[in-house]
**Student:** 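Handing you a structure now.
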Amino acid sequence: MVMSKPKLLFFLFWFSLVCINLQAQENFLTVPSEWLQAPALIHQSSQEIQVNKSGSFLLKKKLIVTILKSEASYLAILNVGYTSKIKVKNITGNVFDITGKSIYKSKKSDIEDFSNFSSFSVYEDNRVKLLNLKQVKYPYTVEFDYEVEYPNLYYLPDWVPQSNPTIPVQLASTSYYFPKESNLRFFSKNIEDAKHTESEMPDGMIKKIWTINNLPLYEPEPYVPINLMETKILLASASQFEYDGFKGDMSTWESMGRWFQELNKGKKNLPTQTKDKVRELLVGVDSDKDKVKLLYEYMQNKTRYVSIQLGIGGLMPFDAATVDKYGYGDCKALSNYMSALLEEVNIKSHYALIYGGTDEKRFFEEFPGHYFNHAILAVPFEKDTVWLECTSQTNPFGYLGDFTSDRKALLITENGGKLAKTPKYGIEDNIQVQEGRFLINESGNAVVEIQIKTKGLQIENGNMLSVARNSKEEKTKWIQQYFNLPSLEVQNMEFTVSQSETPEVNVQTVLNVRNLANKSGNRLFLQPNQINVFTNSISTANGSRTQSFQRTLGYRDFDTMVFKLPEGFEIENLPSRVKHVTAFGEYETEFEVDGDELTYRRTLEMRDGIYTPELFDSYKEFLSQIEKADKTKVVLKKIN
């Protein structure tokens, strides 16, 4: 059999590497030719965790990767984070050319050391060691080895054998070597049992190994529900551990909550002056919910957010008196401060751990662990619970937004940890109503009056909620960017915010717009929908879908646009009414002519939910129909 040139090239390449210094590569002398279309090829990605009886552990990692294209050159840069207590023990790197010849070995002087200090932090000791082995000639291979020593088991590393589906992996492995009494816990998703071996060593240690060979590149299907994704992952977590003298147990949510309760103990001390201020503020206020609202707004006006990341300070809030004195704190400190204010007037609240971010994070309720990066506050009432985002100076009372809504949180109660779910903003909450009046002249220019009313998560369109509190100059710039119109000039504007648990933001503006309608001879070509055009980002090509898909945001849009036609013009053609009713939502447009006025009405309802694979082509078709209808044009003709 004659070997293809790509396979022959890699055969020679790997034969050279095996002869030099790489171990256990006998199975990887050739690779499938389609792998060579990838931006890179990971030959080996391995990690080893060695747990000591003291509860500290050593992490050893190795990466060997051939970089085939510039888009994967980031893999030639190693970043290793550390702190005053997390110690980097060793970092080495080598570079090989296509023949397997070593062309560079890293030196200690190549390793740069940076502070990982955030612009919004008051203090943190996070640092990064960086080794950059990028080359200008492709392909080339880099090999990294490093070791890091951790003081406790709280942040025991997980394992993702293939983090980028577009990059194939020939060998991925992880091993955990730990005392039997450590009682480490493991949870895997999409990893077969056959990939795992376990043995008890003569010294009483347990060794668990997971090994996976030949992970091909693949293109993930879009919009797969997060816990149905194909990504392979192994979670590891301690049961008992000790962090800076605080002994904890993460084997259950209840026990994990008790540990955080211990960290927070004694942190709600307020100065007498503030206690008096709180009581004075609430004179004559009878409703507990009204009291919470007043104290939340007091806290917002008094404090600002900064990050504190120093040792266990990344998990433990500093006390309420410190926040009160200096007027700042991180999410933990501000949530604790708000809880202290409420406690002063005998209103119960629960400090809550949560994952904050617009992208959802995988969460396995059956496997307790540290999934969280943020803290908020829950205030329970008889019929509902109010959730408070204490880091925001702009959020209306009780509004979480897409940063923390509709996800699991761990409430830290007097009885330990308890999982709860934050509110979901549904289709009835997320409303946008746009009304416009357009006075068009015979050149196609227009004076435009537009009013936008948004509610629920729609207030975050273009970051509208934050912009409402910005300067006039910033608001003007926002309007110029937000409206999908030709060259425009802002004559005046007004932003208003309704303070409620499902808040509203309203925008009113008057604009001068050039070339709203495009002129050609004695005709004007007008696209009635220019301020809310739907863009379909999914390929319309049909293909076999294997997994369910999810829409995560349900909303409704109502648009009414009235166009005053220029004198001497008439409508040459009027588009037909469009209506589409599907399982995913509904779309409707209609046109009405009354004398020299054209009214365009548009309604769009998009439903959230999880849908079966066979509906995906219908979903794509629905999106394509919306985009097509939104770009419909009306032709105006000058009367002779």
Side-chain angles (χ1 to χ4, degrees), residues 432-453 461 479-491 507-540 556-582 585-606 620-640:
Q432 176 177 275
V433 178
Q434 297 190 122
E435 297 176 350
R437 184 166 183 84
F438 300 75
L439 180 60
I440 307 173
N441 66 24
E442 62 179 11
S443 299
N445 302 327
V447 176
V448 182
E449 298 178 11
I450 297 177
Q451 179 174 326
I452 307 173
K453 298 179 180 179
N461 293 341
I479 287 175
Q480 291 169 335
Q481 294 174 341
Y482 181 80
F483 290 110
N484 185 29
L485 293 170
S487 175
L488 62 86
E489 174 189 345
V490 180
Q491 285 191 12
V507 180
Q508 289 182 294
T509 186
V510 178
L511 311 171
N512 290 330
V513 181
R514 294 179 58 83
N515 302 318
L516 180 79
N518 295 317
K519 187 173 184 179
S520 178
N522 64 346
R523 289 178 171 81
L524 290 173
F525 295 85
L526 170 68
Q527 182 175 316
N529 182 7
Q530 294 191 49
I531 65 173
N532 195 14
V533 179
F534 183 88
T535 301
N536 176 22
S537 59
I538 306 177
S539 168
T540 55
R556 290 194 178 110
D557 285 354
F558 302 93
D559 301 315
T560 302
M561 304 296 152
V562 179
F563 299 88
K564 177 82 169 178
L565 306 185
E567 187 176 349
F569 278 77
E570 64 179 3
I571 297 173
E572 186 174 39
N573 77 309
L574 192 66
S576 302
R577 177 189 179 206
V578 174
K579 185 170 184 177
H580 300 291
V581 179
T582 73
E586 300 183 14
Y587 175 84
E588 184 174 6
T589 62
E590 60 180 355
F591 296 85
E592 179 183 320
V593 179
D594 183 8
D596 61 353
E597 287 190 349
L598 166 67
T599 300
Y600 165 76
R601 296 184 181 89
R602 172 187 184 270
T603 304
L604 173 61
E605 176 182 293
M606 297 297 285
K620 291 190 296 184
E621 178 62 22
F622 177 53
L623 301 187
S624 181
Q625 289 169 335
I626 296 171
E627 182 177 40
K628 180 180 178 182
D630 274 358
K631 295 178 179 178
T632 296
K633 288 185 171 61
V634 174
V635 180
L636 309 179
K637 183 179 179 181
K638 190 173 180 63
I639 303 170
N640 294 327

**Student:** Between Gln434 and Asp559, is there a side-chain donor-acceptor contact under 3.5 Å, judged purely by atom types and distance?
**Tutor:**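 On atom types as modelled, these side chains qualify, holding a pair under 3.5 Å.
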**Student:** What heavy-atom pair brings Asp630 and Phe534 nearest, and what distance separates the two atoms?
**Tutor:**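 Scanning both residues completely, I find the closest heavy atoms to be OD2-N, 2.8 Å.
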**Student:** Looking at side-chain heavy atoms only, is the closest gap between Pro528 and Phe591 below 4.5 Å?
**Tutor:**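 SC-SC contact between Pro528 and Phe591 confirmed.
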**Student:** Grab the two heavy atoms, one from Thr589 and one from Arg577, that are nearest each other, plus how far apart they are.
**Tutor:**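 Scanning both residues, the minimum pair turns out to be O-CG, 3.2 Å.
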**Student:** From Asn529 CG over to Ile626 CD1, what is the distance, rounded to the nearest 0.5 angstrom?
**Tutor:**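 So the gap between those two atoms works out to 11.5 Å.
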**Student:** Would Phe438 and Val562 satisfy side-chain contact (heavy atoms from CB on, under 4.5 Å), going step by step from the backbone distance to the final call?
**Tutor:** CA-CA 6 Å; Phe438 300 75; Val562 179; over 6 Å; no
**Student:** Are the side chains of Pro486 and Gln530 in contact, using a 4.5 Å heavy-atom criterion?
**Tutor:**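 Side-chain contact under 4.5 Å: yes.
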**Student:** CD/Glu442 to CG/Leu565 distance, rounded to the nearest 0.5 angstrom?
**Tutor:**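 It is 13.0 Å, given to the nearest 0.5 Å.
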**Student:** Measure up the Phe622 and His580 rings against each other and bin them: parallel (under 30°), tilted (30 to 60°), perpendicular (over 60°).
**Tutor:**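 Ring orientation, 0 to 90° scale: perpendicular.
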**Student:** Nearest 0.5 Å, please: how far is CG in Asn522 from CG in Leu636?
**Tutor:**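 It is 11.0 Å, given to the nearest 0.5 Å.
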**Student:** Taking Lys579 first and then Glu590, would you say they form a salt bridge - that is, a charged N and a carboxylate O separated by under 4.0 Å?
**Tutor:**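 Looking at Lys579 and Glu590, the cut-off is not met.
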**Student:** So, do Asp596 and Phe563 sit near enough that their side-chain heavy atoms are less than 4.5 Å apart?
**Tutor:**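 Sidechains of Phe563 and Asp596: no contact.
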**Student:** Which distance, rounded to the nearest 0.5 Å, do you find between the CD1 of Ile479 and the CG of Leu511?
**Tutor:**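 Reported value, rounded in 0.5 Å steps: 6.5 Å.
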**Student:** Main chain of Ile538, side chain of Asn536: is a donor-acceptor contact present, judged purely on distance under 3.5 Å?
**Tutor:**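 Yes: the side chain of Asn536 pairs with the backbone of Ile538.
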**Student:** Can you measure from CE (Met561) to CG (Leu526) and round to the nearest 0.5 angstrom?
**Tutor:**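 Met561 CE to Leu526 CG: 12.0 Å, rounded to 0.5 Å.
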**Student:** Should Arg601 and Thr599 count as side-chain neighbours, where that means a heavy-atom distance under 4.5 Å?
**Tutor:**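 Yes - at least one pair of side-chain heavy atoms lies under 4.5 Å apart.
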**Student:** Ignoring hydrogens and geometry beyond distance, is a side-chain donor-acceptor pair present between Asn532 and Asp557 at under 3.5 Å?
**Tutor:**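 Yes.
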**Student:** Let's go through Ile440 and Lys564 carefully: what are the C-alpha distance in whole Å and the side-chain angles of both, what is the deciding distance for side-chain contact (heavy atoms from CB on, under 4.5 Å) to 0.1 Å, and is it a yes or a no?
**Tutor:** CA-CA 6 Å; Ile440 307 173; Lys564 177 82 169 178; over 6 Å; no
**Student:** Any donor-acceptor pair under 3.5 Å linking the side-chain atoms of Glu435 with those of Gln451?
**Tutor:**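 Not at all, the side chains of Gln451 and Glu435 share no donor-acceptor pair under 3.5 Å.
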**Student:** I need the minimum non-hydrogen distance between Asn518 and Asn515, along with the two atoms involved.
**Tutor:**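 Asn518 and Asn515 have their closest heavy atoms at OD1-O, 4.0 Å.
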**Student:** Using the side-chain contact (heavy atoms from CB on, under 4.5 Å) rule, take Phe569 and Ile639 through it: C-alpha gap first, then chi angles, then the decisive distance, then the call.
**Tutor:** CA-CA 6 Å; Phe569 278 77; Ile639 303 170; 5.9 Å; no
**Student:** State, yes or no, whether a side-chain contact exists between Asn512 and Asn445 at a heavy-atom distance under 4.5 Å.
**Tutor:**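 Side-chain contact under 4.5 Å: no.
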**Student:** Quick check against the 3.5 Å criterion: does Thr582 have a side-chain atom that pairs as donor or acceptor with the backbone of Gly585?
**Tutor:**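 Yes, because the side chain of Thr582 sits within donor-acceptor range (under 3.5 Å) of the backbone of Gly585.
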**Student:** What I want to find out is whether Glu588 reaches Arg602 closely enough, with some N-O distance under 4.0 Å, to be called a salt bridge.
**Tutor:**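 No.
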**Student:** Strictly below 4.0 Å, N to O, side chains only: are Glu570 and Lys637 in salt-bridge contact?
**Tutor:**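 Not counted as a salt bridge, because no side-chain N and carboxylate O are separated by less than 4.0 Å.
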**Student:** Measuring from atom OG1 of Thr560 to atom CD of Glu592, what distance do you get when rounded to the nearest 0.5 angstrom?
**Tutor:**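 One gets 10.5 Å once the value is rounded to the nearest 0.5 Å.
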**Student:** Can you check side-chain contact (heavy atoms from CB on, under 4.5 Å) on Val510 and Val447, steps first, answer last?
**Tutor:** CA-CA 7 Å; Val510 178; Val447 176; 4.3 Å; yes
**Student:** Are Thr509 and Phe483 close enough that some pair of their side-chain heavy atoms sits under 4.5 Å apart?
**Tutor:**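 Counting from C-beta outward, Thr509 and Phe483 do come under 4.5 Å.
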**Student:** Check whether any side-chain heavy atom of Lys453 sits under 4.5 Å from a side-chain heavy atom of Gln432, and report yes or no.
**Tutor:**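 A side-chain contact is absent here, since even the closest heavy-atom pair is not under 4.5 Å.
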**Student:** Is Val635 close to Ile571 at the side-chain level, that is, under 4.5 Å between some pair of heavy atoms?
**Tutor:**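 With C-beta onward as the side chain, the pair stays apart.
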**Student:** Starting from the C-alpha separation in whole Å, work towards a yes-or-no answer on salt bridge (charged side-chain N to carboxylate O under 4.0 Å, His left out) for Arg437 and Glu597.
**Tutor:** CA-CA 10 Å; Arg437 184 166 183 84; Glu597 287 190 349; 2.4 Å; yes
**Student:** Salt bridge or not for Arg556 and Glu586, using N-O below 4.0 Å?
**Tutor:**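 Not counted as a salt bridge, because no side-chain N and carboxylate O are separated by less than 4.0 Å.
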**Student:** Where is the tightest heavy-atom contact between Leu524 and Asn441, given as atom of each residue plus distance?
**Tutor:**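 Closest approach of Leu524 to Asn441, heavy atoms only: CD1-O, 4.0 Å.
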